[in-house]
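The structure under discussion appears below in the form of structure tokens.
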Amino acid sequence: MSNPRRHLLELAPLDATELLHLLDLAESFQDISQRRIKKVPALRGMTVVLLFLEASTRTRTSFELAAKRLSADTLSITGGTSSVVKGETLLDTARNLEAMSPDIIVLRHRHSGSPHLLSRHIDASIVNAGDGGHEHPTQGLLDALTIRQHKRRIEGLKVAIIGDIAHSRVARSNIVCLNRLGAEVVVCGPPTMLPPDIESLGCRATSDRADAVQDADVVMMLRIQKERMTEELFPTDREYAMRFGLDRAALRMAKPDALVMHPGPINRGVEISPEVADGPQSIILDQVANGIAVRMAVLFHCAGGGAQA
Ligand code: CP
């Protein structure tokens with residue numbers, strides 16, 4: 001039987017077995033990036049379109065490297081250089097790309113649900129590279145992989161996610177993924193940045209930084225997403241940093257071997273101090289490195305490779 005079309009639209013529908021399958025697959029791809037010739041023929045002859053209609057550094061480049069390391073042909077389209085600026089709709093853009101027979105379209109878009117829309121109308125596999133404030137599934141997977149590699153487990157860990165939870169697709173993907181893999185997830189931010197229904201995803205919410213950080217195994221800091229705000233949600237960056245930022249003193253409340261994470265881009269001195277971002281407990285650049293292996297796994301899976309997750 002031929003494989004059904006596979007997408008990765010969000011982590012919410014995946015169970016622990018499916019999540020672990022993708023993490024294990026990513027781990028199996030990791031050594032390719034350490035070789036002198038960083039290429040395997042797994043996706044030779046396939047075409048991956050990177051349709052990034054919202055800004056990105058890490059996600060776009062690591063998807064491109066991931067596709068190239070699997071020997072796929074890649075086509076990169078960004079917002080400013082596409083005909084979207086001339087008024088073309090997302091669906092028309094995707095239908096025109098589809099006429100060129102891509103196998104996978106990786107989409108980043110400012111509107112929640114955009115990848116789901118494409119998956120209903122386009123024949124190619126669709127991978128969500130971040131849709132508005134909804135989900136960022138490959139970020140959730142790479143964060144879980146990075147935690148697992150440093151702590152040798154995820155189950156039973158206390159993970160504090162601190163920042164602009166309301167606008168964060170990274171928070172949503174991490175909450176569902178880490179909760180499903182057995183972590184205790186606590187989210188923290190100003191009351192204006194904590195959606196009332198957030199605990200239904202499988203976390204506890206607090207506006208008390210000490211409560212979140214106390215005895216945490218992992219402290220994940222998030223950027224304030226001013227570009228998604230329609231009103232001021234906190235008085236000043238300085239006040240925010242004092243109450244919700246992570247500096248050395250705040251980090252001392254966590255376990256001594258706590259990991260410091262951040263999906264990037266960082267606003268130094270706002271949500272995280274430079275000495276913590278660059279300090280010995282920071283694994284921020286490990287997250288970036290793991291992004292390639294995770295995206296190789298996701299592309300390989302969506303192309304029909306490996307067991308059904
Ligand atoms: N973490 C993340 O999504 O970063 P970019 O916006 O640079 O892709």
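As the structure lists them, so they are numbered: ligands from 1, and atoms in each ligand from 1. None of the values given here were measured: they were computed from a predicted structure.
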Legend entry - Worked verdict on His134 versus His116 for ring-ring contact (aromatic ring centres under 6.0 Å, His included): CA-CA 11 Å; His134 172 234; His116 304 68; 5.4 Å; yes
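Cation-pi contact between Arg295 and Phe63: present, with separation from the ring centre below 6.0 Å and deviation from the ring axis of at most 45°.
With sequence neighbours excluded, no residue forms a side chain to side chain donor-acceptor pair (under 3.5 Å) with Thr57.
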Would you tabulate the side-chain donor-acceptor contacts of residues 43-51 under 3.5 Å, counting partners in other chains and residues two or more places apart, or write 'none'?
none

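Residue Met242 shares its hydrophobic cluster (ILVMFWY side chains chained together at separations under 4.5 Å) with no other residue.
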Identify the protein atoms, limited to N or O, that lie within less than 3.5 Å of an N or O atom of ligand 1, and list each pair with its distance to 0.1 Å.
unit_1: ligand 1; atom_1: 1 (N); unit_2: Gln139; atom_2: OE1; d: 3.1
unit_1: ligand 1; atom_1: 1 (N); unit_2: Pro263; atom_2: O; d: 2.8
unit_1: ligand 1; atom_1: 1 (N); unit_2: Gly264; atom_2: O; d: 3.4
unit_1: ligand 1; atom_1: 3 (O); unit_2: Thr59; atom_2: OG1; d: 2.9
unit_1: ligand 1; atom_1: 3 (O); unit_2: Arg108; atom_2: NH2; d: 2.9
unit_1: ligand 1; atom_1: 3 (O); unit_2: His136; atom_2: NE2; d: 2.9
unit_1: ligand 1; atom_1: 4 (O); unit_2: Arg58; atom_2: NE; d: 3.1
unit_1: ligand 1; atom_1: 6 (O); unit_2: Arg108; atom_2: NH1; d: 2.8
unit_1: ligand 1; atom_1: 7 (O); unit_2: Thr57; atom_2: N; d: 2.8
unit_1: ligand 1; atom_1: 7 (O); unit_2: Arg58; atom_2: N; d: 3.0
unit_1: ligand 1; atom_1: 7 (O); unit_2: Arg58; atom_2: NE; d: 3.1
unit_1: ligand 1; atom_1: 7 (O); unit_2: Arg58; atom_2: NH2; d: 3.0
unit_1: ligand 1; atom_1: 8 (O); unit_2: Ser56; atom_2: OG; d: 2.6
unit_1: ligand 1; atom_1: 8 (O); unit_2: Thr59; atom_2: N; d: 2.9
unit_1: ligand 1; atom_1: 8 (O); unit_2: Thr59; atom_2: OG1; d: 2.6
unit_1: ligand 1; atom_1: 8 (O); unit_2: Arg108; atom_2: NH1; d: 3.4
unit_1: ligand 1; atom_1: 8 (O); unit_2: Arg108; atom_2: NH2; d: 3.4

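Side-chain contact between Val159 and Val186: absent, with no pair of heavy atoms (C-beta onward) separated by less than 4.5 Å.
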